[in-house]
Structure formats: structure tokens, C-alpha cells
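Accompanying notes for the structure given below.
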Amino acid sequence: MKQSRLIGRTLREVPKDAQTAAHALMLRAGFIQQLSAGVYIYLPLLHRTLHKISQIIREEMNAAGGVELLMPALQPRELWEETKRWERYTAVDGIMFAFKDRRGATACLGPTHEEVITDILRREIKSYKDLPRCAYQIQTKFRDEIRPRFGLMRAREFIMKDAYSFDADEAGLDASYEAMRQAYHRICQRLGFQYRAVEADSGAIGGSGSQEFMVLADTGEDTILFCDQCDYAANQEKAQSKLAEFPQDAELQPMQAVLGEGLIGVDKLAKFLNIPVWKTTKTMLYEADDQLVAVMVRGDCGVNEVKVTNHLGCKALRLINAEKIKELTGAEVGYAGPIGLPPSVRLIADHYVKGRVNFECGANQTNYHNINVNFGRDLPEPEFGDFKLAKDGHGCPRCAGRLKAARGIEVGHIFKLGTKYSEAMNCSYVDTEGKPHPVIMGCYGIGVSRMAAACVEQSHDDKGIVWQPQVAPFHLHLVALNLEDAVVAQQAEQIYQRLQQEGLDVLFDDRPLRAGEKFGDADLIGLPVRLTISKRTLEQGKVEFKLRREPKAEVITLDEAVAKTRSVCGLAGR
RNA sequence: CGGAGCGUAGCUUAGCUUGGUAGAGCGCUUGGUUUGGGACCAAGAGGUCGCCGGUUCAAAUCCGGCCGCUCCGACCA
């Protein structure tokens, strides 16, 4: 492609909306433009990269037994009513773009495609002989995110690869899931990511297994935890952890309410009461759908709302507001405790709240804290479960190691779905005895446009993007100087043709600009190889070859440059 | 959803407090000198100051409404 024909000019200054390095670089280098909040134009350079990423994904999906199709983005409400997800996605979470068409029928722009694919397959599958099946598509998805962020990282319209597997039994699902898991690893490896696969929460979607593929980056929106000794790794929503346990008092002390004004925060509180922080207790009040719930965790921990949501089986869980807290506890925020709550409040507690003798908790009275509280004597034992948020420094749940925290960009997520959709939508098959069974499903997503952003996030310097050859929009940047010289211009054109004949993707900077501007743009765009030709190099019968990731250039023959470029870009030699 | 901020030329912005009909840098056009890391000189083009309404002799500026965009919050019990 001739750069004089390219759409998407480079910008010298950083657009003010850019929040991360990758976002700023994509805007400045002419890869994206914002059309509205969380909606981006994919300019030609990015379009080519998206195509290359998609192609790698296709190859791995096909190798894993997937077949590609393309489903409508526009979906009817009725399908979503079948799985009871319409209300959740519109009214509860509000994540779906929904509207009425001219006939008054309600439709939506698909945020995901479980309903549509299940509809297709329930007409396709009759017998166990029709299984397994795995379908995938690469398509634009729409999600009305609460807060679009970081350019392509969290957009409201984005490109996703979604795959769905259909099996007759659990063993089949396991095999399908495993094939996808391996394909995902290969995709991440081929894209050159520094990444980790982590255990993830499968949430209300249900199912028995789920993993996320996280590209490691400080700007990542998710926190992951991994063991420094074994291979345990999980996202924070899912992560379990062990806490240090402490020797307990031999005797129960009398419970007592202590006045301690304005002690917000467990560290201050523990210091004031002269007790260790682990003896303090946080009691958080939530509204779970229309039920009130109090969650107790040890004072040095936070509540993992995902774990609580799963335990309660509720749709929405949110902290209640200050007024309501006062109404329920009779105290200002900060003094809630388990004793004396109205019976309408369901009390649950983290495992590590248990087993403590003479612990502290809020007294449900402003400025008062109960000390020397004990289950059994002062209050009945609540329901126990794993409700705490795992953190850096906690113990590994599998071994004696410690958990470390890191930030990650979720580029892929694989799920065992089970029969949630197949049962709701009656997608079944008959076995060898003619008995019907619901099909067992899995679903597997990759954020294609997010992967492009992750590539830039992981590979850039102060001058611009440093593309990995396999996803770069072009293999090489042919930068021609001295184009006012007719001989140079003609030879540049010939070299451009020759490089293309060699099977290389070439961006030919044929613009009549000064060297500095051209080199600046080349660094910004970040193609793996830069070939410079000028009066000077052509007089020597050579070209200047430079790798984007290396500081130095060398002057070599065109043949050598072609061979080196092919090698750098992983193309077979000729 | 709650809170905050912003909206002036393609981009980055000054001007707004204290009303008097808009200025800069980059980019763009033309001419000239330059020509391997964003050069210089000269002359230009380009703005309904987000939209609607109000106050006023007069509004980018003050007031109200709307729209758009951005940021922050959802460990505090």
C-alpha cells in the first residue's frame, strides 16, 4: 500500500482522551478514531492487524475442530425470553442495546450468542450421531458498558471470536473444553503474549469449569493471583486463599461494648482496642435481590462479592446505602455488627471468622464496638462459607506457597456451560436407546480488538508501537527519501513492486516529506522492518535495513534485505 | 446509577473571574530557500466559540435547560 493513499493521519500531539500508552499510540499512529463513547473506527492499519489476529485465531479454531459461521448481530427478544436472560441483560445489568423496530417488535444488538447458536443447533441435532459439534464466529459485539475505558480495551462495540461446543456427555464436554484450552494457549503464544491462564468464576452462567487468559500488564483491569511455588493461578473473583491462624485465648471473656469514637478502619480500631487486627470483624450489609444479607469477614480481609452472589444464588448484590444502614442497625455507617440485627437480615460469615475466641465486631450503635464476642454464647453460629477476597501475601490454597498479585488484561475466557441453555431452549438428542438428553455445551470467547490493544500495551517504546511481525499491519515500511529526484522515485517504485512480488506486505512511504517526518511516522507506526532508500543508498546499489526493535541500521543489498525480512517475519525462505 | 470536570479551527489550547463581535502553536495552501531524524522565510485559507433559550445596547464570557465527551466512586462497616 502506498502511504500517500492511506487513511488515518499521524498526530504529533497526544489527543486528550487518551488514558494509556497503548490508547494514545493507536490514536497518534492513525490506527483508530473515536466515533462516540466506547465506539471506534478501525482505520486501515488496525484493520489489517485485526485481520491477521483473526486469521491466527481461525487457524487454531479450525485445527481444534471448530467450524466457522456468522450469526446475526440483530437478535429478537423472544429468544432471550426463552433463557430468561432478557430482563437481566436489559433491566438488571442494562448491558444490552435494545430497541423496537417499526412493527413494534423488540430486538437487540447481540452482546453474546448463546441463544442464537442454541437455536441453530436444536434444529440441527437429533441424535447422538450428530455430536459433537463446535461452531465459532468472528463478529462485532455490542455491550452498553457502564464505563468504556482505554480505547479498544473496554469498548461498547468490539470484535469478538465466540465459539460454542455441543456434546453428548461430560466426557465429551471435557474433550471439547480441553481442545479449546490448548487452542487458546497456542493463540496467545503465536501472538507473543506474556500471559497466564487463570481459574475464573463461571458465575450465574453455571457450569463446572472456567478459565481466563490474562495478558500481564499494569494497565489491566483485572487482578490475578498466583502461587509463588505451585501452578495455582486464579482471578481475584475466584481465588481462594489461606490465612495465618493465631493461638486463641483459653477462656471466654465477658462481652462488652466499648466506646471508641470515629474509629473508621480496622487498623485504627485494633490499635485503640489494643487487640490484633485479625480479632476485628467487618460486617457488610447487602441487598441481594430483595433479601437483606449481612456478611462477616475477618477485619483484615475484604468481601468477595462474587463468592457471596454465588452462595446466595441471587441476581444482583449491592451494598445498601447509609440511610438504610441506620434504619437497620440504628447506627451510623461503620458500626454494623451481627448482634441485634432485625430477623429479616440473613447472616453469613467467612470461615476465618469462625474459630476465634473473644473477637471484636460492631455493636450496632454509633461509636460502640463489641469486644470479647463469641459464637454460641453471644450469638448463634451463622452460615459459614468462603466469602473473603484473596489478596497478595495470602497463603496458597493448594500448597505452602504465597499468593502474588498482578494486573491482567482478559483476552480470552473459556466456560463449561453444561445444560443451562440446552434445557431452557430444548436442544436435545436421543441416545442409542432412543431416550432424549439435553446437549452439553461449552462457550469460548476471545476479544479480538482487545487483543490488538494488548499487543500494543505489551510492545511499545517512547517513540511508538513495536509490532510483532505476525500481527503487524505490514511486514515492512519502505521509506523513500529524495523523491524529487526522478531516478530515485523510479527505482523506489521498482523496489516496491519487487518486494510485493516477494510476497511481503509493504507500506511504501511515497510522500514527498522530509526525512525526519518519515522516520518519525515509521517509528510511531512500528512495522518490524524499515527499509530506507535514497540517493545515497542507491548510489551504493544498496538499501538501509533497520529493525524497529533495534536501534541500529545497516546498509545491505536488496536481496539480503529481502532475505532478512522474510526471516524476521517468519516467512519461509525462497 | 451517584459525584466532578470539560466542550473555542483537523489536533493541543489561550481568552471566561471583571460582557465590547476570537488569539497562539502544530497541521493545511501558495511561493522561495533547504533536503537522512518533524528546517527556515514570506504570504494565505480555515471558527454558527456543542445546541436551544434568557439577561443585556452588546454574550465565547453571566443565567437556565438540553446534548456530547472525560474522570472519579461501588473495602467503607
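Convention: sequence-line order gives letters A, B, ...; per-chain numbering from 1.
In the set B:G36, B:U70, B:C72, the nucleotide with an atom closest to the side chain of A:A37 is B:U70. Of the candidates B:C26, B:C72, B:G25, B:G25 carries the atom nearest the A:E13 side chain, counting heavy atoms from C-beta on. The nucleotide whose nearest atom lies closest to any side-chain atom of A:R514 is, among B:U34, B:C69, B:G36, B:U34. Among the nucleotides B:C69, B:C75, B:A77, the one closest to any side-chain atom of A:L389 is B:C75. Distances from the side chain of A:D523 to the nucleotides B:G36, B:G37, B:C11 place B:G37 closest. Each of B:U70, B:U12, B:G36 was ranked by its minimum atom distance to the side chain of A:K16; first place goes to B:U12. Among the nucleotides B:A77, B:U35, B:C69, the one closest to the side chain of A:A336 is B:A77. Among the nucleotides B:A77, B:C69, B:G37, the one closest to any side-chain atom of A:K282 is B:A77. For A:V333, taking side-chain heavy atoms from C-beta onward, the closest of the listed nucleotides B:C1, B:A77, B:G37 is B:A77. Of all nucleotides listed (B:G36, B:C69, B:A77), B:A77 comes nearest to the side chain of A:I325.
Checked by distance alone, A:E517 brings no side-chain donor or acceptor within 3.5 Å of a matching partner on the base of B:G37. Residue-to-nucleotide contacts include a donor-acceptor pair under 3.5 Å from the side chain of A:R530 to the base of B:G37.
Of the side-chain N and O atoms in A:R536, none sit less than 4.0 angstrom from OP1 or OP2 of B:G36. Proximity of A:Q34 to the phosphate of B:U70: a side-chain N or O atom is located under 4.0 Å from OP1 or OP2.
Mapping A:D17 and A:G337 onto RNA chain B by nearest heavy atom places A:D17 closer to the 5' end of the strand. Annotation: of the two residues near RNA chain B, A:R149 and A:L11, the 5′-most nearest-nucleotide partner is A:L11.
Salt bridge A:R154/A:E221: present, at least one basic N to carboxylate O contact under 4.0 Å. A salt bridge between A:E287 and A:K324 is present, with a side-chain N of the basic residue lying under 4.0 Å from a carboxylate O of the acidic one.
Taking atom C1' in both B:G46 and B:C26, one finds a spacing of 14 Å when rounded to whole Å. Rounded to whole Å, the separation between the C1' atoms of B:C28 and B:C11 comes to 12 Å. Using atom C1' as the reference point in both B:U48 and B:U33, the two lie 40 Å apart (nearest Å). B:G37 sits 41 Å from B:C16 when the C1' atoms are compared, rounded to a whole Å. Across B:G2 and B:G15, the matching P atoms stand 32 Å from one another, rounded to whole Å.
Using cut-offs of 30° and 60° on the angle between ring planes, the pair A:W278 and A:F246 is parallel. Ring planes of A:F375 and A:F359: tilted class, angle from 30 to 60°.
Counting non-hydrogen atoms under 4.0 angstrom, A:G362 reaches nothing in the nucleic acid. Within the nucleic acid shown, A:T329 has no heavy atom closer than 4.0 Å to any nucleic acid atom.
Donor-acceptor pairing under 3.5 Å is lacking for the side chains of A:H475 and A:T565.
By the 4.5 Å heavy-atom criterion applied to side chains, A:N374 and A:N358 are counted as neighbours.
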